[in-house]
> 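Quick one: structure below, then a few questions.
As the structure is a prediction and not an experimental result, all values here were calculated from the model.
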Amino acid sequence: MQKTGPLTRVRPFVPILLDIVVPAVLYLGLKRLGVSDFWALTVAGVSTGVTTLINTIRRRRMDFVGILVVLEIALTVALLFVTDDPRVVAVKPSFYTAFTGVFLWVTCFVGRPVVYQAAAPMATKGDPAREIAYDRAWVESREFRSRERVMTAAFGAMLIAEAALRVFVVYRYSVQDLEKSFLLSQLPGIVLLVAVLGFFRMNVPALTRIVDGIQERVTASELSEYRTAGKGR
């Protein structure tokens with residue numbers, strides 16, 4: 001893995017941070033305008049998926065994130081007809097957050113872990129030699145595979161824990177205290193995200209060492225074959 005700046009390292013987690021901050025800010029703003037708890041939470045929840053939905057339509061391809069957004073919007077519409085309890089809307093993100101966490105765990109055993117795949121563009125930066133080394137690191141290094149799986153599992157555990165804590169905090173308070181409970185329910189996600197980022201940072205030096213060692217063995221013929229196959233730039 002190549003050395004990256006602090007902003008580059010946290011870039012994959014920006015959407016998650018926005019999913020925590022944006023709904024809280026929008027909810028408070030709508031409440032100050034006199035909007036009911038139910039509708040303030042509904043609008044705040046849907047708002048986080050608008051950008052992803054637009055990008056999905058532009059690409060004309062439904063990826064995992066796009067599927068989650070569609071499920072979120074469908075769940076929001078369904079809740080409009082089956083409940084008027086604003087606490088149900090407040091904990092709605094827990095459903096797809098927990099689902100994502102389970103999906104991350106599954107990728108630890110099927111295929112290649114999500115963290116490995118998500119980090120590839122940042123780790124290689126389009127360098128063909130680096131791309132070859134990064135791919136071979138997964139095949140050749142047991143330590144590399146183990147660390148990538150553990151990091152992905154930790155990320156999944158964070159999402160599942162955040163989902164459970166959100167439900168616990170929201171339902172610990174009455175409907176009358178929803179504003180307080182909703183804001184407090186955002187805190188576990190922030191704390192857990194910081195903890196996961198710290199754990200990831202601890203693993204970066206070892207992963208970098210492994211990829212560096214393999215890159216030193218990448219030959220000119222391998223690079224030529226890689227470019228001929230159209231994989232490199």
Side-chain angles (χ1 to χ4, degrees), residues 1-20 51-52 55-56 59 61-68 97 100-160 162 189-190 192-233:
M1 288 179 158
Q2 293 176 319
K3 292 183 179 179
T4 56
L7 292 179
T8 302
R9 293 193 189 102
V10 303
R11 187 177 300 165
F13 299 93
V14 170
I16 300 173
L17 186 59
L18 290 178
D19 282 347
I20 296 172
T51 301
T52 301
N55 290 335
T56 298
R59 292 194 305 267
R61 179 173 58 86
M62 184 72 73
D63 56 12
F64 177 70
V65 176
I67 292 173
L68 284 180
T97 299
T100 303
V102 172
F103 175 77
L104 262 63
W105 281 353
V106 171
T107 66
C108 291
F109 304 97
V110 180
R112 299 188 179 186
V114 166
V115 169
Y116 169 86
Q117 299 178 53
M122 295 176 293
T124 61
K125 291 187 175 180
D127 179 355
R130 199 71 178 174
E131 290 173 356
I132 293 172
Y134 190 73
D135 183 68
R136 281 174 52 182
W138 175 262
V139 177
E140 298 177 7
S141 174
R142 178 179 296 179
E143 179 186 356
F144 186 88
R145 292 193 300 271
S146 176
R147 287 181 179 274
E148 292 286 353
R149 285 179 174 135
V150 170
M151 290 166 66
T152 301
F155 194 9
M158 174 225 127
L159 293 174
I160 293 173
E162 190 276 336
I190 296 174
L192 290 169
L193 180 59
V194 171
V196 168
L197 283 173
F199 178 66
F200 279 20
R201 185 170 184 176
M202 290 170 56
N203 282 274
V204 167
L207 295 172
T208 300
R209 170 180 51 78
I210 294 170
V211 178
D212 284 345
I214 294 175
Q215 185 174 359
E216 292 175 356
R217 304 197 304 270
V218 174
T219 64
S221 60
E222 286 177 309
L223 276 173
S224 177
E225 182 180 347
Y226 188 77
R227 291 193 176 100
T228 301
K231 296 179 180 179
R233 291 182 179 180

> Between atom CD1 of I160 and atom CH2 of W105, what is the distance when rounded to the nearest 0.5 Å?
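I160 atom CD1 to W105 atom CH2 measures 3.5 Å (nearest 0.5 Å).
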> For E222, give me all partners under salt bridge (Lys or Arg N to Asp or Glu O under 4.0 Å), at least two apart in sequence or on another chain.
R136
> Checking the side chain of T208 only, and the main-chain atoms of V204 only, is there a donor and an acceptor separated by less than 3.5 Å?
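Yes; at least one donor-acceptor contact below 3.5 Å.
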> From E140 CD over to I210 CD1, what is the distance, rounded to the nearest 0.5 angstrom?
11.0 Å
> Could you tell me the separation between the OH atom of Y116 and the CG atom of D135, rounded to the nearest 0.5 Å?
4.5 Å
> Measure the NZ-CD distance between K125 and E131 for me, rounded to the nearest 0.5 Å.
13.0 Å
> For the rings on F199 and F155, is their centre-to-centre separation under 6.0 Å?
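F199 vs F155: aromatic centres not under 6.0 Å.
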> Give me the atom names and distance for the closest heavy-atom approach of T219 to S221.
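The pair with the smallest heavy-atom distance is OG1-OG, 3.0 Å.
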> Which distance, rounded to the nearest 0.5 Å, do you find between the SG of C108 and the CE of M151?
11.0 Å
> Could you walk me through whether V115 and F200 pass the side-chain contact (heavy atoms from CB on, under 4.5 Å) check?
CA-CA 10 Å; V115 169; F200 279 20; 3.9 Å; yes
> CE/M202 to CG/L207 distance, rounded to the nearest 0.5 angstrom?
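Separation between the atoms: 12.0 Å.
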> Any heavy-atom pair between the side chains of L193 and E162 that's under 4.5 Å?
no
> Pick out which of T124, L223, D127 makes a side-chain contact (heavy atoms from CB on, under 4.5 Å) with I132.
L223
> Identify the heavy atoms of T107 and T152 that sit nearest to each other, and give their distance.
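For T107 versus T152, the nearest heavy atoms are OG1-CG2, 3.7 Å.
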> Minimum heavy-atom separation for P113 and W138, please, with both atom names.
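Answer, listing the atom of P113 first, then W138: CD-CH2, 3.1 Å.
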> Do you know the tightest heavy-atom contact between I214 and A137?
CD1-CA, 3.3 Å
> Before accepting this row, confirm whether a basic side-chain N of the pair D212/R130 lies closer than 4.0 Å to the acidic partner's carboxylate O.
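Counted as a salt bridge, because a side-chain N and a carboxylate O are separated by less than 4.0 Å.
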